[in-house]
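What follows is one structure encoded as structure tokens, with my remarks underneath.
One-based numbering, in listed order, for ligands and for the atoms of each. Keep in mind the model is a prediction, meaning the values are calculated, not measured.
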Amino acid sequence: MGNTREHRVAVIGGDGIGPEVLAEALKVVAAAGVDLRTREFDLGADRYVRDGFVLSDEVLEELRGVDAIMLGAVGPPIGSTDVPPGTLERGLLLRLRSELDLYVNLRPFDGVPGSIGAAASFQVVRENTEGVYAGEGGVLRRGTPHEVATQGSVNTRFGVERCVRFAFELAEASGRRHVTLVHKTNVLTFAGGLWQRVFEEVAREHPGVDTAYQHVDAACIYLVEQPERYGVVVTDNLFGDILTDLAGAVCGGIGLAASANLNPARTGPSLFEPVHGAAHDIAGKGVANPLAAIRSAAMMLEHLGEASAAARVTKAVLGLQTEIAGTTEPWSTAAVGDAVAGRL
Ligand code: IPM
Ligand code: MN
């Protein structure tokens with residue numbers, strides 16, 4: 001049952017539905033018998049609009065000191081001009097991913113009955129600190145007819161290799177011994193070449209794991225037409241961002257898509273967040289689906305060494321998402337949290 005060690009967890013509810021879905025995730029963790037010593041951090045669009053604060057070195061150091069971070073969602077309402085684009089993305093989310101070296105973004109997908117992906121069960125390992133997200137590039141002659149904008153994709157041997165290794169180790173551990181590399185090696189010959197060579201090298205060290213390669217455009221077709229072919233997918237930051245939204249839609253909706261921003265080397269805390277955003281249009285109505293946040297919390301429990309609680313919560317989430325797919329009446333946010341807790 002319960003653990004012996006109390007885990008220190010930073011809670012960033014954020015904006016819109018973020019705090020509502022995190023409340024249900026915390027409810028479920030408690031029901032699973034795991035004690036968390038939580039500390040709330042007021043960060044996101046609301047905070048930025050109030051006093052201009054995004055993230056400071058001091059707050060970053062405090063976050064470095066916890067065992068894990070749970071994040072709901074950050075972002076202003078669509079159409080709002082209060083927060084310049086990139087302020088929270090670059091200033092908060094991506095800063096946390098790079099400063100805390102959260103180099104794997106792990107996103108599991110299990111299709112619900114009635115979805116295109118009903119028979120699918122796979123995990124995407126998205127490289128989470130490099131590629132076009134690294135911030136390389138700039139603008140020259142801004143605002144003139146001769147403006148130049150570049151945004152390079154940064155791929156290091158070190159960064160690619162540790163991500164690919166993680167994917168193969170995950171395939172070994174999960175028993176679904178199949179890894180697909182997704183890239184665009186026919187056009188991105190420099191970056192793709194590095195990914196392909198590293199992938200082939202690491203694959204040779206894992207003879208028991210089957211491999212495949214797909215260009216990202218073809219992967220979009222297979223993901224819709226035959227998503228059950230995937231076990232573990234490994235890909236770069238931007239392709240992983242796009243593919244996982246598609247995977248969410250295919251497997252029953254983005255409201256179910258969980259993610260773990262992992263520092264597998266454990267040099268600091270990892271961060272757990274649903275893939276969806278703040279969804280201000282439904283905030284405060286008690287109708288947001290908390291299953292993605294709850295499953296992300298299960299991934300946190302796994303990372304914190306609470307394997308049995310993690311397995312129980314994941315099983316309860318998968319069971320309930322199947323049950324919900326078979327019903328037509330709407331479920332409230334709290335009812336979903338209660339139902340997961342009731343299945344533990
Ligand atoms: C995600 C989000 C982020 C990303 C944004 C908010 C910066 O879309 O976690 O998938 O692009 O990684
Ligand atoms: Mn995304």
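There is no path of hydrophobic side-chain contacts, each under 4.5 Å, that joins Val216 to Val232.
With Arg97 as the partner, the salt bridge (Lys or Arg N to Asp or Glu O under 4.0 Å) test is satisfied by one option alone out of Glu130, Glu273, Glu127: Glu273. The only member of Leu43, Leu92, Asp46, Val54 that meets side-chain contact (heavy atoms from CB on, under 4.5 Å) when paired with Val74 is Leu92.
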Leu256 vs Cys251, side chain to side chain contact (heavy atoms under 4.5 Å, CB included): CA-CA, chis, key distance, verdict:
CA-CA 8 Å; Leu256 303 175; Cys251 290; over 6 Å; no
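Heavy-atom neighbours of Tyr222 OH from other residues, nucleotides or ligands within 6.0 Å: at or below the threshold of 12.
Each of the atoms 6 (C) of ligand 1 lies under 4.0 Å from some heavy atom of Leu93.
Ranked by closest heavy atom to atom 3 (C) of ligand 1, the top entry among Arg107, Glu89, Arg97 is Arg97.
Nearest protein neighbour of atom 2 (C) of ligand 1, counting heavy atoms only, is Asp241 OD1, 4.1 Å. Of the protein's heavy atoms, Tyr133 OH, 2.7 Å lies nearest to atom 11 (O) of ligand 1.
Taking 2.8 Å as the threshold, Asp245 does not count as a candidate ligand of the Mn ion (ligand 2), since none of its N, O or S atoms lies below it.
Looking only at its N/O/S atoms, Asp241 has OD1 as the one nearest to the Mn ion (ligand 2).
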